[in-house]
Structures are given as structure tokens and as C-alpha cells.
Colleague: 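Provided herewith is a single structure, encoded as C-alpha cells, for subsequent inquiry.
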Amino acid sequence: MKMKLIFAIINNDDSHSVSAALMQNGFHSTKLASTGGFLMSGNTTFLLCADASRVDDVIAVIKNHSNKRKQFVPTAASLGEGGDGGYSSFPVEVSVGGATIFVTDVEKFEKL
């Protein structure tokens, strides 16, 4: 039986929904708290081991329960030559949420 290890990075807003859906579909996971590097916001990283034939099923469950959304984040811009050399803060709309998924081969799997 060929096993795959799935790493799924999910926004914290969707973590509970994804976790519940995975369990309802018979997929057991380990959850790790993680932080995104760009927005420095909270994420949950799920670790799952599944038969290779079920990887697409896992991804479908995650996709159906993790939503992309728009969010405004503050950013700073230099006022440059015409300004006083300082910085001004203004919001920029970015897309957050969804899922980032990595799938790797598993050489050995044991559940003790």
C-alpha cells in the first residue's frame, strides 16, 4: 500500500471546519499551530497520512472547507522627495485564506 504524507496549511478561521470535515470523512490528522511569513497571521498546519488513492479525496475535503477572502492590511510607503522623508501608512487589499497543500511520499508508516 503506497502512503502519502499531506501537509495542509489552513487559515485559523477555517481550521475548525476543515478539522471536523476531515474527521467526518474518516481522515485523522495532527494539527500544529503555525504562523504565515507574509501577514504574520495565525494558521493551522494539518499533517495527514493517507493511501495514495485517497489523496484527491483529502484535498477535496480541504478545498470545500477553506475559503479565500479579501482583507485589508496596513502598509507603509516612503513620502520620498516631495514629502518630509517620512512614511505614510495606507491599507492594501490582499487575498487570505484558502489552503496550501504539500504531498510527499512516505517510506514507512506505523501506527502504534
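Just so it is clear, the structure is predicted and the values come from calculations on it, not from any experiment.
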Colleague: Among all residues two or more places apart in sequence or in another chain, which pass the side-chain hydrogen bond (donor to acceptor under 3.5 Å, both in side chains) test with Thr30?
Modeller: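 Listed in chain order: nothing, the list is empty.
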Colleague: Return yes if some donor-acceptor pair links the side-chain N/O of Asn25 with the main-chain N/O of Phe27 below 3.5 Å, else return no.
Modeller: no
Colleague: For the residue pair Ile10 and Asn43, establish whether any side-chain heavy-atom pair is separated by less than 4.5 Å.
Modeller: no
Colleague: Kindly list each side-chain donor-acceptor pair under 3.5 angstrom involving residues 98-112, sequence neighbours excluded, with atom names and distances?
Modeller:
{"from": "Asp105", "atom 1": "OD1", "to": "Lys4", "atom 2": "NZ", "distance (Å)": "2.4"}
{"from": "Lys108", "atom 1": "NZ", "to": "Glu110", "atom 2": "OE2", "distance (Å)": "3.0"}

Colleague: Check the pair Leu48, Leu22 against side chain to side chain contact (heavy atoms under 4.5 Å, CB included), reporting the backbone distance first and the verdict last.
Modeller: CA-CA 10 Å; Leu48 302 95; Leu22 287 169; 3.9 Å; yes
Colleague: Is any side-chain heavy atom of Ile6 closer than 4.5 Å to a side-chain heavy atom of Leu47?
Modeller: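 Not in contact.
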Colleague: Between Lys31 and Thr44, which heavy-atom pair has the shortest distance, and what is it?
Modeller: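 It is CB-CG2, 3.9 Å.
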Colleague: Is Ile9 reachable from Leu32 through a run of hydrophobic residues whose side-chain heavy atoms are each under 4.5 Å from the next?
Modeller: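 The answer is yes; both residues are in one hydrophobic cluster.
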Colleague: Of all heavy-atom pairs between Asp14 and Asn67, which one has the smallest distance, and what is that distance?
Modeller: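 Scanning both residues completely, I find the closest heavy atoms to be OD2-N, 3.0 Å.
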Colleague: Do Phe46 and Phe7 land in one hydrophobic cluster if side-chain heavy atoms of ILVMFWY residues count as linked below 4.5 Å?
Modeller: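 No, separate clusters.
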Colleague: Using the side chain to side chain donor-acceptor pair (under 3.5 Å) rule, pick out the option among Ser15, Ser34, Ser29 that qualifies with Thr45.
Modeller: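 Looking at Ser15, Ser34, Ser29, the match for Thr45 under the side chain to side chain donor-acceptor pair (under 3.5 Å) is Ser34.
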Colleague: For Asp57, give me all partners under salt bridge (Lys or Arg N to Asp or Glu O under 4.0 Å), at least two apart in sequence or on another chain.
Modeller: Arg54
Colleague: Are Ile62 and Met3 connected, step by step, through hydrophobic side chains (Ile, Leu, Val, Met, Phe, Trp, Tyr) whose heavy atoms are closer than 4.5 Å?
Modeller: no
